[in-house]
Every structure is written in structure tokens, then in C-alpha cells.
There are 2 protein chains.
Amino acid sequence: MSLELTILGLLSWNPQSGYDLKKSFSAVEFIPWSGNNNQIYRTLLRLHSEGLVDSQITQPESGPAKKIYTLTEKGYTSLKAQLLGAPELEQVKNTFLIQLAFAEILETRLILQLLEDYCTQITERKVLLTEEFRRAEGYPGRSERETLIWTRITDRRLESLDNEKKWAESLMEELKETFHE
Amino acid sequence: MSLELTILGLLSWNPQSGYDLKKSFSAVEFIPWSGNNNQIYRTLLRLHSEGLVDSQITQPESGPAKKIYTLTEKGYTSLKAQLLGAPELEQVKNTFLIQLAFAEILETRLILQLLEDYCTQITERKVLLTEEFRRAEGYPGRSERETLIWTRITDRRLESLDNEKKWAESLMEELKETFHE
DNA sequence: CCACCCATGTAAAGAGTTACATGATTAC
DNA sequence: GTAATCATGTAACTCTTTACATGGGTGG
């Protein structure tokens, strides 16, 4: 379960509460979970029972009390071990491809419309991502090496979207040329 | 749930049993489910109770009896509606990116090793995929349009893997140049 | 006072996987 | 006869999401 890895990783940057983690989850695009309460709070309780994190309730000057989690020695060791685990290939779930794959019973103009809609989705997503990445750019306290890695990761996400859009567009062209009208 | 769409789609090609569907699931790479018994048989029973499929037990000349499912009129209509549903963007779950993202606590040589391993994984996957796609190439009874779409989909899968590998390799180069030794 | 954000948690349900149970047929 | 494959299904579990419950603080 790499949700655990993500939590340990975020805590290795700085101690924070479940609520903070939740925000981090939804702020980092390539974290593939919604960052819902249930999973985060329950995982934190489990990690605490396993001794990978410590928690301390603090009362900020204003606002409600927070339960701040920190990595323990054991948690740090576990994080390192998980970071060194064998890399897995990405899993892609693209239900649009399935729509396309069985679209033989649709007229060509409808398939073209689907591809068009798909491109629109990609464009909208790119705008959101670009904005998110721009905000994260000036993240303070990162080493040069870490900055390089994060930049390359975010670049790659945008590049993937571009490639997907180009692919859809070229498929549209081919369909139009050969099967339209 | 687009597992339903996949089953309806496969049945629109030809009537088949749960066992056949299971094989189809694992044979088509971009179907993102394992094709486990539980999901397929239970979905078939549900689709039957909803009147989207009919089933008929047949006794082949040799081998055990099969429960062959066919699309009903209602099932065909539902398939068409689902094919026309708004396209969704692909969801990518790449836990390796998360490993990389929090790898700041590792030495550069270890990060390079991870990237190397990732590339190896990609290469292995590409060999498998190429073989799978080669086998599927001569699928009979496909229209020219359908063949085009399937070819483009499979091409795109291989292209994505290539891009991912190129990305990892160029990141390795950058890390080596700037941070190694 | 009401709506919204901060903050921690739980309930219920859906989605997906692995493993199990059963039985017939085929291949060695 | 025994191992593998064909074939249908169930059990148990994990993972993930949406929604709910609770309570304090802040801004209009």
C-alpha cells in the first residue's frame, strides 16, 4: 500500500496533522488518491499503533486543536525501505479507450465527437495542472537535486497530456479522411 | 462502472460465456481489470437480472456445459448509451513517481539504480505487449475503421512506454552529470 | 445568526483482488 | 491416476470513495 509511503514521505518533509496531509494529497497532482478523510485518519492511527509515527496534540493560538504527527526512527527506516522497493510500472485506467474500442456500432461522426470532447477534457486539465505546478514552483527549502526531480516529474505530466492530445487529433484526422462523408 | 461497458462491448462482438470473457479481459492489454472470476460472474448475474443480457446453457460436443450470454435489445441500447457517455481523462497511478518524489533522503547512486530498474521494467513490459499485439493483429471480421482504431490504440500504448523510458533515461543523465561523484 | 473553514473522526457502500470450493473433461 | 484445463461460482479481504457526525472558530 503506497498510500502509506506517501504519508511517510510527506511527514519526512515536516510534521503535520491529518488535515494538513489531506490538503497536501489534493495539492500534489501525481498522488493518485483523493485524499479522503477516512483513509488518511485511519492510516495515521494504524501507523501510530505500529510505532512508525508519534502524535502530539497542540493548541494553536487561534483555531481548534491539532494532532501533529511526526516520523519516528522506526518510521524513517520504514520510509527508506519503501523508497528502495522495486519500482512498479504505472497502471493506467483509461475508460475512454474502451469506449473507442467498442465504438464500431457508432457512426463516424459520433466517434469524432467523442474524440473532440476528449481533447477538450485534456485542454481543461492542462490549464488546471499548469496553474497547480506554477503555484508549487517556488516551494522553499528544496535542494537542487530535489528541485530537478520535481520539475522533471511535473514536466512529464504535462508532456503526457500533450502526447495524448496529439494522438487523439491525429486519429481524428485519419478517421475524417477515410471514413467521413 | 465501466467494467459493465467492457462486458457489454465484448458481448456485442459475439455471445460468450463468463469463462470466455475472463480470457478476453486478460488478453486485451488496455482493459484495466484483472478479469477475476468474482467480478465477471457477479456482473453477468446482475446484468441478467436487469435484462441487459440473456443466458443459455449449452452442452458442447466435448467439455463441460457453458452458460453462453447474449446481448438483449435492452443491453444493446445500454451499450450504445454508455459508448456515447462523456469521455473521462485517463487515471494514472504511478507509485514509482511517489518513490522518486520523496527520494531526497537517498544517495544519488540509489536513485539512479531505481531509475535503471524502472527502465528494465519498461523494456520487459514492451516485449510482452509487442507479442500480445502481434497475436491480436490478425483478428478476423473487423471493419477497416475498427482495425484503424485498434491499431492506433495499441500503437499509442507502446509509444507511451517509449516516452516514459526516454524520460527516465534523460533524468538519469541529468542526475549523473550534476550530482554523481 | 448563518455560512464557511478548521479539524478529527466514523459509517456505509462500491470497486477490485486473491483464494477457495466444486465438478467435469482431457492429456500424459 | 494424476495433473492440467474447462467452467461456474462464493468467501474473505483490501482499497477507495461519498457521506455523515461533531464541535470550535471566523467573517459578514
Side-chain angles (χ1 to χ4, degrees), chain A residues 1-7 10-11 15-28 30-50 53-69 82 88 91-95 98, chain B residues 1-7 10-11 15-28 30-50 53-70 82 88 90-95 98:
Chain A
M1 209 225 316
S2 45
L3 181 125
E4 179 184 320
L5 166 62
T6 311
I7 289 179
L10 287 170
L11 289 180
Q16 49 191 310
S17 68
Y19 195 82
D20 298 330
L21 285 170
K22 186 185 165 170
K23 278 186 293 185
S24 304
F25 264 75
S26 38
V28 179
F30 57 85
I31 293 183
W33 300 278
S34 70
N36 61 86
N37 288 0
N38 202 325
Q39 248 178 322
I40 291 179
Y41 285 108
R42 279 162 64 81
T43 303
L44 282 171
L45 292 174
R46 177 173 61 78
L47 292 176
H48 188 257
S49 80
E50 291 170 0
V53 298
D54 260 344
S55 70
Q56 197 173 0
I57 290 165
T58 62
Q59 180 60 56
E61 284 159 35
S62 75
K66 300 177 75 157
K67 205 167 168 185
I68 302 291
Y69 287 91
Q82 290 184 50
E88 276 174 42
Q91 291 169 48
V92 180
K93 179 176 285 185
N94 193 338
T95 56
I98 294 178
Chain B
M1 209 222 319
S2 44
L3 181 125
E4 180 183 319
L5 165 62
T6 311
I7 290 179
L10 287 170
L11 289 180
Q16 49 191 309
S17 69
Y19 195 81
D20 298 329
L21 285 170
K22 186 185 166 170
K23 279 187 292 185
S24 304
F25 263 74
S26 38
V28 180
F30 57 85
I31 292 182
W33 300 278
S34 70
N36 62 86
N37 288 359
N38 202 325
Q39 250 179 321
I40 292 180
Y41 284 107
R42 279 162 63 82
T43 303
L44 282 172
L45 292 174
R46 178 174 60 79
L47 291 177
H48 188 257
S49 81
E50 290 171 359
V53 298
D54 260 345
S55 70
Q56 195 171 3
I57 290 164
T58 63
Q59 181 61 54
E61 284 158 36
S62 75
K66 301 177 72 157
K67 205 166 165 185
I68 301 292
Y69 286 91
T70 42
Q82 290 184 49
E88 274 174 44
E90 61 182 0
Q91 290 168 49
V92 180
K93 179 176 286 186
N94 193 338
T95 57
I98 293 177

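A, B, ... follow the sequence lines: proteins, then strands. Residue 1 opens every chain.
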What is the distance from [atom1] of [X] to [atom2] of [N], rounded to the nearest Å?
X	N	atom1	atom2	result
B:Ile40	C:dT17	CD1	C1'	12 Å
A:Gln91	D:dT16	CD	P	9 Å
A:Gln16	C:dC6	CD	P	15 Å
B:Ile57	C:dG23	CD1	C1'	15 Å
B:Ile31	C:dG16	CD1	C1'	15 Å
B:Phe25	C:dT17	CZ	P	10 Å
B:Tyr41	D:dT10	OH	P	11 Å
B:Gln56	D:dT8	CD	C1'	17 Å

Check the angle between the aromatic planes of B:Tyr69 and B:His48 and answer parallel, tilted or perpendicular using the 30° and 60° thresholds.
perpendicular

Residues in ring-ring contact (aromatic ring centres under 6.0 Å, His included) with B:Tyr19, at least two apart?
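Partners of B:Tyr19 under the ring-ring contact (aromatic ring centres under 6.0 Å, His included) test: none.
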
Between [N] and [X], is there an OP1 or OP2 to side-chain N/O distance shorter than 4.0 Å?
X	N	value
A:Lys93	C:dG16	yes
B:Lys66	D:dA7	yes
A:Tyr19	C:dT8	no

Taking salt bridge (charged side-chain N to carboxylate O under 4.0 Å, His left out) as the test, write out the residues that go with [X], two or more places apart.
X	result
A:Lys93	none
B:Glu90	none
A:Arg46	A:Glu4, A:Glu50

What pairs with B:Lys22 under side chain to side chain contact (heavy atoms under 4.5 Å, CB included), at least two apart in sequence or on another chain?
B:Asn37, B:Ile40

What contact category does A:Lys22 fall into here, base, sugar-phosphate, or nothing, at under 4.0 angstrom with non-hydrogen atoms?
nothing

Would you find a donor on one side and an acceptor on the other, under 3.5 Å apart, between the side chain of B:Ser17 and the backbone of B:Asp20?
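Yes.
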
Of the candidate nucleotides C:dG16, C:dG9, D:dA7, which contains the atom at the shortest distance from the side chain of B:Lys23?
D:dA7

What string of B, S and - do you get for nucleotides 17-28 of chain D, 5' to 3', if B is base contact, S is sugar-phosphate-only contact and - is no contact with any protein heavy atom under 4.0 Å?
BB------SS--

